[in-house]
Amino acid sequence: QKEVEQNSGPLSVPEGAIASLNCTYSDRGSQSFFWYRQYSGKSPELIMSIYSNGDKEDGRFTAQLNKASQYVSLLIRDSQPSDSATYLCAVNQNNAGNMLTFGGGTRLMVKP
Amino acid sequence: DTEVTQTPKHLVMGMTNKKSLKCEQHMGHRAMYWYKQKAKKPPELMFVYSYEKLSINESVPSRFSPECPNSSLLNLHLHALQPEDSALYLCASSSVSQGFQPQHFGDGTRLSIL
C-alpha cells in the first residue's frame, strides 16, 4: 500500500518561532502535493500546493519539496496561536486519477 | 465561508431513517467527492464523480448511495445507517483541467446515528 506518513505530534512551538512540519511519501511517481489546515471540528482548508522541487512561499508559509528524498515539508514563520491546528499532507500519487492520499496529520500547538 | 456549500451542517438520525446530505459548488468544477472523517483521523475517500459520472466507489456499503444530478450538485442518500457511521461527512470539488488540481472542501455535515 502506497503511503503518506506524518508525525502525529503534538508539535509544540512558542509564539513567534518557526514551526516545521514534515511528510514522507512512498510513491516515487507522485506529482502533486498539498498541505491542508484543519481546525478542530472544522473541514480541511487548502493552504499550499507544490508541484516541483524546491521552495514555494506564500506569506508566512513555505512549502518545500524534495522528490529524490520523497519528502515534503511546511514551514510556518512567526507562528501564532491561531496557527494551532492539525496539518494534513496530501499527495496525488502516480496513476491515481483524481485521488488524494492523506497523511495522518500533525497537530501543531503554538503557545503564547 | 467556503465555495463548496454543504447542508445540513448537523444531522441526527435513527438507524431506520432515510436522509440525504447535499453539496453544491459554483466554481465550474467537474470532479466532486464524498469523504468520511472520524475524529483524529484523516479524511477517507468514499466516492468520486467526474463529469457527473461515478468514477470511484471505495467499497462503500450500499446504505450510502451517491447521486450527481448535475455538474454543481452532489447528494449522498443515507438509509439504515449504523452507529459507527457517525462522522463528519465532507464534500469536495476540483477542476479536471490539465494536471492535478487541488480539492476544495465544504464545511461538512456532522452526522450522528442514534
Side-chain angles (χ1 to χ4, degrees), chain A residues 1-10 21 23 25 27 29-52 56 58 61 63 65 72 74 85-109, chain B residues 1-7 9-10 21 23 25 27 29-58 74 87-112:
Chain A
Q1 172 134 4
K2 296 178 177 176
E3 297 180 341
V4 177
E5 301 283 349
Q6 295 180 254
N7 188 321
S8 62
L21 304 163
C23 171
Y25 59 95
D27 181 8
S30 298
Q31 297 293 322
S32 308
F33 307 86
F34 307 94
W35 284 99
Y36 287 85
R37 177 177 63 198
Q38 187 170 25
Y39 293 113
S40 181
K42 302 295 185 182
S43 65
E45 174 191 9
L46 179 69
I47 55 173
M48 290 291 283
S49 306
I50 188 165
Y51 303 96
S52 55
K56 179 182 177 183
D58 183 1
F61 298 100
L65 175 62
V72 56
L74 180 70
T86 295
Y87 290 80
L88 295 163
C89 173
V91 177
N92 174 236
Q93 296 179 347
N94 195 30
N95 298 322
N98 292 340
M99 293 175 62
L100 284 177
T101 300
F102 283 90
T106 298
R107 189 159 70 95
L108 173 65
M109 298 173 59
Chain B
D1 289 343
T2 63
E3 295 180 83
V4 178
T5 303
Q6 291 187 242
T7 56
K9 294 192 183 303
H10 302 276
L21 309 185
C23 175
Q25 58 88 14
M27 294 183 282
H29 290 169
R30 302 305 296 274
M32 297 185 76
Y33 314 79
W34 279 116
Y35 287 87
K36 172 184 178 180
Q37 188 176 25
K38 303 283 275 186
K40 301 189 187 303
K41 297 291 187 182
E44 178 185 336
L45 183 66
M46 300 175 72
F47 302 103
V48 180
Y49 275 81
S50 182
Y51 294 97
E52 297 86 69
K53 294 191 188 311
L54 182 65
S55 61
I56 294 173
N57 176 340
E58 289 290 287
L74 185 66
L88 180 66
Y89 286 83
L90 295 162
C91 174
S93 70
S94 72
S95 170
V96 290
S97 59
Q98 186 177 11
F100 186 84
Q101 301 298 318
Q103 296 178 18
H104 299 268
F105 287 86
D107 288 339
T109 294
R110 188 159 299 280
L111 177 65
S112 297

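So that the names make sense, note that chain A is the first sequence line, chain B the second, and so on, each numbered from 1.
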All heavy atoms of A/Tyr51 vs all of B/Pro102, minimum pair found to be OH-CD, 3.6 Å

If you take all heavy atoms of B/Phe105 and A/Pro44, which pair is closest and at what distance?
CB-O, 3.5 Å

A/Ser43 side chain vs B/Gly106 backbone, donor-acceptor pair below 3.5 Å:
yes

Go through the steps to decide whether B/Ile56 and A/Met99 satisfy the test side-chain contact (heavy atoms from CB on, under 4.5 Å), and finish with yes or no.
CA-CA 9 Å; B/Ile56 294 173; A/Met99 293 175 62; 3.3 Å; yes

Side chain / backbone / both / neither for [X] at chain A, heavy atoms under 4.5 Å:
| X | value |
| --- | --- |
| B/Ser50 | side chain |
| B/Gln6 | neither |
| B/Gln37 | side chain |

Count the heavy atoms belonging to other residues, nucleotides or ligands that lie under 6.0 Å from NZ of B/Lys38, then report whether that count exceeds 12.
yes

Roughly how far apart are B/Ser94 OG and A/Asn92 CG, rounded to 0.5 Å?
9.5 Å

Please look at A/Gln38 and chain B and tell me whether the side chain, the backbone, both or neither of the residue comes under 4.5 angstrom of a heavy atom of that chain.
side chain

Per-residue contact mode, A/Ser49 against chain B (heavy atom under 4.5 angstrom)
side chain

Let's go through B/Gln103 and A/Phe34 carefully: what are the C-alpha distance in whole Å and the side-chain angles of both, what is the deciding distance for side-chain contact (heavy atoms from CB on, under 4.5 Å) to 0.1 Å, and is it a yes or a no?
CA-CA 9 Å; B/Gln103 296 178 18; A/Phe34 307 94; over 6 Å; no

